[in-house]
Amino acid sequence: MTDRMSLTLAQADPDVAAALEHETLRQHEGLEMIASENFVSEAVLEAAGSIFTNKYAEGYPGRRYYGGCEYADIVENLARDRAKQIFGGDHVNVQPHSGSQANASAFAAVLQPGDTILGLDLSHGGHLTHGHRLSFSGKLYRTTFYHVRRDTETIDYDEMEATAIQEKPKVLIGGASAYPRLWDFARMRQIAEKVGAYFIFDMAHIAGLVAGDVHPSPVPHAHITTTTTHKTLRGPRAGLIICNQELAQAVDKAVFPGQQGGPLMHIVAAKAVAFAEVLRPEFKSYAAQVVSNAKALAEGLQMAGFRLVSGGTDNHLMLVDVFEKGILGSEAEVALGKAGITVNKNSIPWDTNPPLKPSGIRIGTPALTTRGMKEAEMSTIAAWIAKALEQRNNDAALDHIRGEVAELANHFPLYAWKRVPEAVAK
Ligand code: DSN
């Protein structure tokens with residue numbers, strides 16, 4: 001009989017092993033420009049794939065419901081302390097499995113089902129968990145929305161205030177998955193105070209920029225700040241909550257036992273490792289480069305004649321109105337995919353097209369910046385994007401760009417252990 005514990009992945013499950021090798025190759029050879037994705041370090045990867053996955057640790061450090069948690073306590077305390085050092089705030093909970101669960105817990109800490117929340121409309125850049133009718137947030141709570149202005153395509157704080165006064169939400173939530181500009185946190189807190197609401201800010205997209213001091217921080221303004229840890233923050237796929245002392249107990253209870261059971265201790269360990277990386281001086285340079293790269297890419301696209309929503313970007317992403325050139329976002333996503341450039345189709349504010357065939361694409365620079373690319377590469381990529389969209393029905397032209405993309409990617413190696421499996425080597 002074979003000893004199950006001694007088999008490699010390739011021996012135990014050749015199908016999964018092959019998918020993993022192909023994915024490895026895909027990540028190395030292509031240009032990853034999905035604004036919410038990034039590449040973790042080998043150290044983060046090691047912790048995420050560690051034997052902490054074997055451990056149950058319901059509860060919190062020093063107050064667990066299981067024995068054998070002494071090392072789990074060490075990594076959870078390290079993650080909490082490092083997150084506090086990065087972002088400030090009185091209290092941090094590092095257990096949310098995802099950004100959605102962080103938001104569900106933040107709401108549960110201060111709301112009862114049926115209470116009202118006011119968030120940014122999904123089609124204007126908001127997030128499903130900020131009140132969309134198909135998400136738990138729109139089913140459990142009464143939801144109302146604010147929008148961006150038609151003229152500037154930036155948040156309409158006057159509309160937000162008027163809606164808050166009219167609808168009297170118990171939570172005003174800020175944050176977005178497709179908004180390229182800075183937020184006015186002070187104004188949002190003021191609006192929340194005016195109507196007696198809690199101000200929650202979901203900084204998932206910009207957390208790394210906040211940590212790197214290239215974006216203002218919502219933490220001093222918000223009652224509760226939530227985030228994912230895997231986007232610009234460059235940690236494992238998971239969530240995090242920061243709050244003031246008065247809400248600490250309610251937040252902890254909302255996470256466990258309110259929303260979750262046992263924390264994923266291997267991921268908590270990986271968060272601790274990622275946060276240690278964020279605390280190193282190099283991370284500030286990384287964050288600054290993400291923003292400079294986004295500006296360079298935006299300029300390149302504008303020079304190629306594309307209209308960017310709100311006229312540009314202040315952060316790590318941009319929304320390109322490809323429909324202005326008669327191209328659907330869905331067509332653009334496919335054409336760029338064939339050229340080795342991964343982006344996602346995205347609605348633009350006041351979109352006249354449906355979500356699966358929207359007018360825009362969303363492009364971000366966090367992942368390519370991790371690979372070491374700078375402004376010069378962004379200009380080259382902007383030209384490739386323009387060419388690929390122009391030649392979107394010409395597979396030979398797209399394949400040619402894909403070759404150039406692979407050559408560039410090769411100059412910016414990712415993981416040292418990458419190997420090209422014979423089965424997929426050309
Ligand atoms: N799916 C994430 C994004 O792409 O922005 C948000 O949860």
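Every number for a ligand or one of its atoms is a count from 1 in the order of the listing. Every value quoted in this text rests on a predicted model; they were computed, and no experiment measured them.
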TODO: Apply salt bridge (Lys or Arg N to Asp or Glu O under 4.0 Å) to the pair Glu390 and Lys325, showing each step before the final yes or no.
DONE: CA-CA 9 Å; Glu390 190 191 295; Lys325 285 187 178 285; over 6 Å; no

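Separation of the His223 and Phe199 ring centroids does not fall under the 6.0 Å cut-off. Between His215 and Trp183, the distance separating the two ring centers is not shorter than 6.0 angstrom.
Set against the non-hydrogen atoms of Ser177, the atoms of ligand 1 under 4.0 Å away are 5 (O). Taking every non-hydrogen atom of His205 and a distance limit under 4.0 Å, the qualifying atoms of ligand 1 come out as 3 (C), 5 (O). Remark: ligand 1 atoms within the under-4.0 Å shell around heavy atoms of Ser36 are 3 (C), 4 (O), 5 (O).
Within the 4.0 Å heavy-atom criterion, the part of Arg362 lying near ligand 1 is the side chain and not the backbone.
Protein heavy atom nearest atom 7 (O) of ligand 1, with residue, atom name and distance: His127 NE2, 2.7 Å. Protein heavy atom closest to atom 2 (C) of ligand 1, with residue, atom name and distance, is Lys231 CE, 4.0 Å.
Ion pairing between a basic and an acidic side chain is recognised when a charged N comes within 4.0 Å of a carboxylate O; Lys357 and Glu331 show no such pairing.
Annotation: cation-pi pair Arg234/Phe39 absent, no NZ/CZ under 6.0 Å from the ring centroid and within 45° of its normal.
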